[in-house]
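A quick note: this is a predicted structure, and the numbers were derived from the prediction, not measured. The figures that follow rest on heavy atoms only: side chains count, while hydrogens, waters and symmetry mates do not. Numbered from 1 within each chain, the chains take letters A, B, ... in sequence-line order.
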There are 2 protein chains.
Amino acid sequence: MINPNAYITIKNLLEFNISLKLGLTTKTVQKDTVFLEAGQHCHYFYYIVKGFVRVYYIGLDGNEITHWFSAKDTMITSPFSFFKHEENIVYFEALEDTELLLINTTQLDKIMSQSQYAEKAYRNLLAEFAMVLSRRIMSIHNETAERRYLNLMQSHPLIFQKAKLSHIASYLGVTPQSLSRIRKNI
Amino acid sequence: MINPNAYITIKNLLEFNISLKLGLTTKTVQKDTVFLEAGQHCHYFYYIVKGFVRVYYIGLDGNEITHWFSAKDTMITSPFSFFKHEENIVYFEALEDTELLLINTTQLDKIMSQSQYAEKAYRNLLAEFAMVLSRRIMSIHNETAERRYLNLMQSHPLIFQKAKLSHIASYLGVTPQSLSRIRKNI
DNA sequence: GAGACTGGTTACCCTATGGTAAAAAGGGAA
DNA sequence: TTCCCTTTTTACCATAGGGTAACCAGTCTC
């Protein structure tokens with residue numbers, strides 16, 4: 001599922017950048033480029049200004065498993081690595097030409113400590129994120145793959161424009177063959 | 001999975017309670033009592049002072065599905081209801097005599113706005129929670145039920161002392177019969 | 001000790017999904 | 001258009017897990 005809408009908008013971030021002298025940098029990534037790899041520490045909270053990103057990891061059997069998709073105006077990071085300095089296991093791949101705004105720990109802390117608004121927005125973002133994940137676990141435990149597929153189509157049609165069916169299959173927790181079968185039955 | 005260790009400890013909370021005049025209340029719940037039901041708004045962030053709680057919801061087929069377990073010194077709430085005022089769909093059930101510390105929105109906001117420390121701890125808690133959920137989704141998509149069972153036994157042995165196998169089965173995403181089969185094969 | 005519960009296991013068959021392999025369908029590039 | 005490459009679909013069989021139902025074991029009550 002796409003990350004919840006960012007509560008801190010680009011506009012806000014750019015304002016913070018000016019007023020707090022954060023020195024935020026941007027990064028441009030071409031289509032089909034992996035810009036974060038497993039094993040590399042994730043230094044940033046990324047704000048996706050433009051583009052579309054797939055987060056995946058390598059499963060026990062060596063296959064890529066899509067963990068989530070992230071669209072324009074949402075934020076992503078590798079929580080394990082960014083927050084806890086644990087080994088990063090996910091890959092970030094741009095599924096189209098993508099423009100990122102990079103926010104490191106220091107900058108994030110600075111924003112949080114200087115702005116009540118940002119702090120609250122950020123807390124909201126985290127809570128929202130937890131809810132999205134929670135709902136997803138419920139969906140896995142309570143719905144068939146077909147139902148999950150239909151729900152995803154309805155709630156995030158954009159994914160179907162940007163990602164391959166094989167990406168979507170592993171996101172839904174089935175093989176591409178199964179997804180194909182499911183699509184046939186509809 | 002049990003909620004991440006609370007970063008705000010009871011001791012902290014009680015100190016906040018005195019210094020910020022929060023007027024926190026406690027609640028005692030007997031074994032096998034449901035103290036929050038689907039449909040009821042969840043007014044509190046609960047700190048579990050003592051005891052053990054199971055969070056579950058009713059699946060499409062009418063069965064109870066355990067969403068998570070929460071032990072002593074962790075916090076729980078129904079995020080959808082507490083944060084977003086959406087319809088609450090989960091039940092909180094005390095699996096043993098349980099003592100709760102109740103924190104409502106106003107009190108939580110007051111703590112956050114008055115203490116940098118609490119605010120940071122709380123942010124940490126949310127991030128940690130998102131990570132636990134994230135890891136759980138990965139585990140569902142990448143590991144067999146048997147593996148998940150063994151992992152749970154290792155990481156949260158307490159659950160096996162407090163909860164029934166049928167609770168654990170639905171938590172792992174299988175039927176009690178399947179769990180029984182899995183246990184037999186070990 | 002005999003019922004009556006509850007939780008857990010077993011047995012049976014069934015279905016959804018997995019795995020391998022091959023075929024089909026698209027989509028550039030020359 | 002034709003070739004090549006990638007993605008998707010089909011076909012086949014294998015398997016994990018589901019659903020129903022019965023059974024067993026522990027525990028409580030009378």
Peer 1: Mind checking whether A:Y117 and A:F16 have parallel, tilted or perpendicular rings, split at 30° and 60°?
Peer 2: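 Geometry flag for A:F16 against A:Y117: tilted rings.
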
Peer 1: Write down the distance between CD (A:E143) and P (D:dG18), rounded to a whole number of angstrom.
Peer 2: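 So the CD-P distance, A:E143 to D:dG18, works out to 16 Å.
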
Peer 1: For the pair made of CD1 in A:I186 and P in C:dA16, what is the distance, rounded to whole Å?
Peer 2: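 So the CD1-P distance, A:I186 to C:dA16, works out to 14 Å.
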
Peer 1: In whole angstrom, give the distance that lies between atom OH of B:Y149 and atom P of D:dG17.
Peer 2: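 Interatomic distance, OH of B:Y149 to P of D:dG17: 14 Å.
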
Peer 1: Please report, rounded to the nearest Å, how far the P atom of C:dG8 is from the CD1 atom of B:I182.
Peer 2: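 So the CD1-P distance, B:I182 to C:dG8, works out to 15 Å.
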
Peer 1: Parallel, tilted or perpendicular, judged at 30° and 60°: which one describes the rings of A:F129 and A:W68?
Peer 2: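 The rings of A:F129 and A:W68 stand perpendicular, inter-plane angle above 60°.
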
Peer 1: Tell me the interatomic distance from B:L172, atom CG, to D:dG17, atom C1', rounded to whole angstroms.
Peer 2: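 Atom-to-atom, B:L172 to D:dG17, this comes out as 13 Å.
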
Peer 1: Rounding to an integer number of Å, can you tell me how far B:K31 NZ sits from C:dT6 P?
Peer 2: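 So the NZ-P distance, B:K31 to C:dT6, works out to 13 Å.
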
Peer 1: Among C:dA11, C:dT9, C:dG7, which nucleotide sits nearest the side chain of B:K184?
Peer 2: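 Looking only at heavy atoms from C-beta outward on B:K184, the closest nucleotide is C:dA11.
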
Peer 1: Answer yes or no: does a side-chain N or O of B:S180 lie under 4.0 Å from OP1 or OP2 of C:dG8?
Peer 2: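 It does not, given that no N or O in the side chain of B:S180 lies less than 4.0 Å from OP1 or OP2 of C:dG8.
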
Peer 1: Between A:S178 and A:R181, do the side chains contain an N or O donor and an N or O acceptor separated by less than 3.5 Å?
Peer 2: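 Checked: A:S178/A:R181 side chains pair up, N/O donor to acceptor below 3.5 Å.
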
Peer 1: Taking only side-chain N and O atoms of A:R181, does any of them lie within less than 4.0 angstrom of OP1 or OP2 on C:dA16?
Peer 2: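 Result: no.
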
Peer 1: When the distance from CG of B:L165 to C1' of C:dT6 is rounded to whole Å, what number comes out?
Peer 2: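 After rounding, the reported distance stands at 13 Å.
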
Peer 1: What is the nucleic acid contact for B:S166, judged by heavy atoms within less than 4.0 Å: base, sugar-phosphate only, or nothing?
Peer 2: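 Answer is sugar-phosphate: B:S166 comes under 4.0 Å of backbone atoms only.
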
Peer 1: Centre-to-centre under 6.0 Å for B:F45 and B:F82, is that the case here?
Peer 2: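 Aromatic pair counts; centres sit under 6.0 Å.
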
Peer 1: Nearest to the B:K164 side chain among D:dT8, C:dG7, C:dG18, which nucleotide is it?
Peer 2: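 Ranking D:dT8, C:dG7, C:dG18 by closest atom to the B:K164 side chain puts C:dG7 first.
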
Peer 1: Starting from P on C:dG18, measure out to CG on A:L60 and report it in whole angstrom.
Peer 2: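 Rounding to the nearest Å, CG of A:L60 and P of C:dG18 are 15 Å apart.
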
Peer 1: So, B:R54 and B:T66: side-chain donor and acceptor under 3.5 Å apart, yes or no?
Peer 2: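 Yes, B:T66 and B:R54 have a side-chain donor paired with an acceptor closer than 3.5 Å.
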
Peer 1: Any side-chain N or O of B:S178 less than 4.0 Å from the OP1 or OP2 oxygen of D:dG18?
Peer 2: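 Yes, because at least one side-chain N or O of B:S178 sits under 4.0 Å from OP1 or OP2 of D:dG18.
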
Peer 1: Between D:dG18, C:dG8, C:dA11, which nucleotide has the shortest distance from any of its atoms to the side chain of B:Q177?
Peer 2: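 When the side chain of B:Q177 is considered, C:dA11 is the closest of D:dG18, C:dG8, C:dA11.
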
